[in-house]
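Heads up, the thing below is written out as structure tokens.
Every heavy atom of this structure was used, including side-chain atoms; hydrogens, water molecules and symmetry mates were not. Order of listing sets the numbers, starting from 1, for every ligand and every atom in it. We count residues from 1, following the sequence as given.
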Amino acid sequence: MNNEKVLNGIVSELTLKFQNKDSSYFFTRLGKAYHKIEKLFFSLYEKNDKNESYFKELLLSLGDLYSERSDDLKKIDILREEDKNWFMSPNWVGTMLYVDRYNKNLKGFIKKIDYLEELGVNYVHLMPLLSMPKGENDGGYAVSDYRSVDKKFGSMEDIENISEIFRSKNMLLELDLVLNHTSNEHEWAKKALKGEKDYQDMYYMYDDREIPNKFEESLPEVFPETAPGNFTYLPEINKWVFTVFNTYQWDLNYTNPKVFIEMTKILLNLANKGIDIMRLDAVAFMWKKIGTSSQNLPEAHTILQLLKTATKIVAPGVLFKAEAIVQPEEIVKYLGVGGEEECEIAYNASFMVYLWDAMATHNKKILENGLTHIARLPKGTTWINYIRCHDDIGLGYADKDIISSGYSPFDHKQFIISYYVGEFKGTPAKGQRFMYNPKTKDSRITGSTASLLGLEKALEDKNHTLQEKALKKILLMHSAIMTLGGIPLVYYGDELASINDYSYLDDNDKKNDNRWLNRPIINWKKSENRHKEGTIENTIFKGIQKMIKIRKEIKEFHNENDFTIITNENDNVFSFLRELNGEKTLILMNMSDHPQYLNQYIIEKTGIPFDSIDLYTGNKLNIVNREIKLLPFEFLWLK
Ligand code: GLC
Ligand code: GLC
């Protein structure tokens, strides 16, 4: 059948369905995107009768999902279509949290919305809360039913309720969509285990080790310590299933168009609950190919482009955030290459790692080289700039950034690891190794921001000087994410300087995963200290709150990734400029624990006035003998 005929057929079927409801927006968007969606779909799936009927099924379900979308959401869609850069304003400041560890459940969370408002946060990622297995579930990243909220958190109604409250307060709601795998308790998995072929085809299943062995020749392992290998044997059906992450997380087989269609419906069904941003989990892994690492393959990008195109037809107000914690040059591709639209937001994992590097070396060399080498983002896309999230910190920076900074990649990474796990002489950090590989000595790092920066050790040793330093470092790192260009994300608990939470060790389903160190249970009584002068909570909460408040007012702190690195003569001071319509702010960060000096030339060269004010303290710039002095770990926002 030719295009025209297919499209006309679909239009008449949908017109019948929509009956009298206004569907002009839908048809306009479909008409505009038709060639694109068709091209993308048939670039993944061979053109034959079967796949043509799948394609038709896809378009018809888009129609259904559009007619289910509420009028309120449709209005927002239209506004956001008209103002495509709506999320670029410096007004947005994010956080992420586990509702149960925050305040028990979704109803409990609602009671804490005013706390978030007090801090200034208006964009909230609620960590996985869809139905999940009772025992181990990878913090909810093993989903058993994408259409229901796990009973322990509440219900889908609670989510809709929160999204309504958020809309009335101009706040944004983000949820996860775990696209790469389902839990082994998902209905599809259960049917597959019963031997139903159609459902086995939703996953990658093999009768023997022949193909798995071929794959494994080039596949890295994500959890080598706790889930070695990439396949799991299923005795019930005598088959091997692809499981890149844990054994109970079965990888979905996107070579099967049915999988793609079902996941699209799931995505849009969630979008229709009022989700503003979908966090697309583990997107790098969505396509597999023997002989490759099965990460970042072009088809994974095609899937994302297809999902984006479908979403723009049904729910154009919804943004995608890519969770692709991969090499710097690969991350950028998830924001679209060559004008193709994929995700609008991605985690700036590289910047995060460079910051941790600078906090350990006390110099800016890798931070500056690294940022110089990463490509800038396409217009209309942005970063999440963050210090910590719920996962480990993987030292995924490019070797060339380490070499060009004068270090050897292996030795340097070993230094960073030993610094943060508390082995390097004199380090104040109390982190832990995650997924240590004895063969390569490689490992990732876990631990909370405050513990990695020395606060936990300072408290144990009752060392006041160390404590002061840790607090300064916490604020310095937050200053970086507030200003660089991207949406800052304050990890829950960091605004109270939460140290490592060891309670996960008492829980059998968590004790083998030390990422839980950094997933604190919030102590609300202690959080009251934020109102008490001189407490740790007060220093950090008020500091971050103040940064947020200022950031929102400074137009040049918008989310376009257009900072200019200003090189200077001092290896310990990182400096960059933000600029918009002639308004300028120069950021100076002293990464070291000694006072540092900069020649006033930096002021002349950037055109910042000599009597400029530091936005954060309100103090006038102090130049003595043509030099700017920065105290240990001090930062200045010079307007
Ligand atoms: C994502 C999550 C991580 C999880 C993994 C597997 O990367 O951030 O916590 O373990 O996906 O779903
Ligand atoms: C790696 C993976 C990421 C995963 C994480 C789990 O960073 O790239 O997808 O979630 O490990 O800790």
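Proximity of M127 to ligand 1 is not established, as no heavy-atom distance is less than 4.0 Å.
With Y347 as the aromatic partner, K321 meets the cation-pi criteria of under 6.0 angstrom to the ring centre and within 45 degrees of the ring axis. Geometrically, K441 does not engage Y436 in a cation-pi contact, judged by NZ or CZ lying under 6.0 Å from the ring centre and within 45° of the ring axis. At least one test fails for K511 against the ring of Y504: distance under 6.0 Å to the centre or angle within 45° of the axis.
With salt bridges taken as basic N to acidic carboxylate O contacts below 4.0 Å, one links R433 and E423.
Close contacts between ligand 1 and D391 involve ligand atoms 2 (C), 3 (C), 7 (O), 8 (O), 9 (O) [criterion: under 4.0 Å to a heavy atom]. Below 4.0 Å from some heavy atom of D281 lie the following atoms of ligand 1, by number and element: 1 (C), 2 (C), 6 (C), 7 (O), 8 (O), 11 (O), 12 (O). In the vicinity of F223, heavy-atom distances shorter than 4.0 Å reach the ligand 1 atoms 10 (O). Of all atoms in ligand 1, listed by their number and element, those nearer than 4.0 Å to a heavy atom of H181 are 6 (C), 12 (O).
Environment of NZ in K510: crowded, with over 12 heavy atoms of neighbouring residues, nucleotides or ligands closer than 6.0 Å.
Around atom 5 (C) of ligand 1, the closest heavy atom drawn from Y347, F245, F285 belongs to F245. Counting heavy atoms only, E323 comes closest to atom 7 (O) of ligand 1 of the residues H390, Q249, E323.
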Determine, step by step, whether E221 and N230 satisfy the side-chain hydrogen bond (donor to acceptor under 3.5 Å, both in side chains) criterion, reporting the C-alpha distance in whole Å, the side-chain angles of both residues, the deciding distance to 0.1 Å, and the verdict.
-> CA-CA 7 Å; E221 292 172 313; N230 285 278; 5.3 Å; no
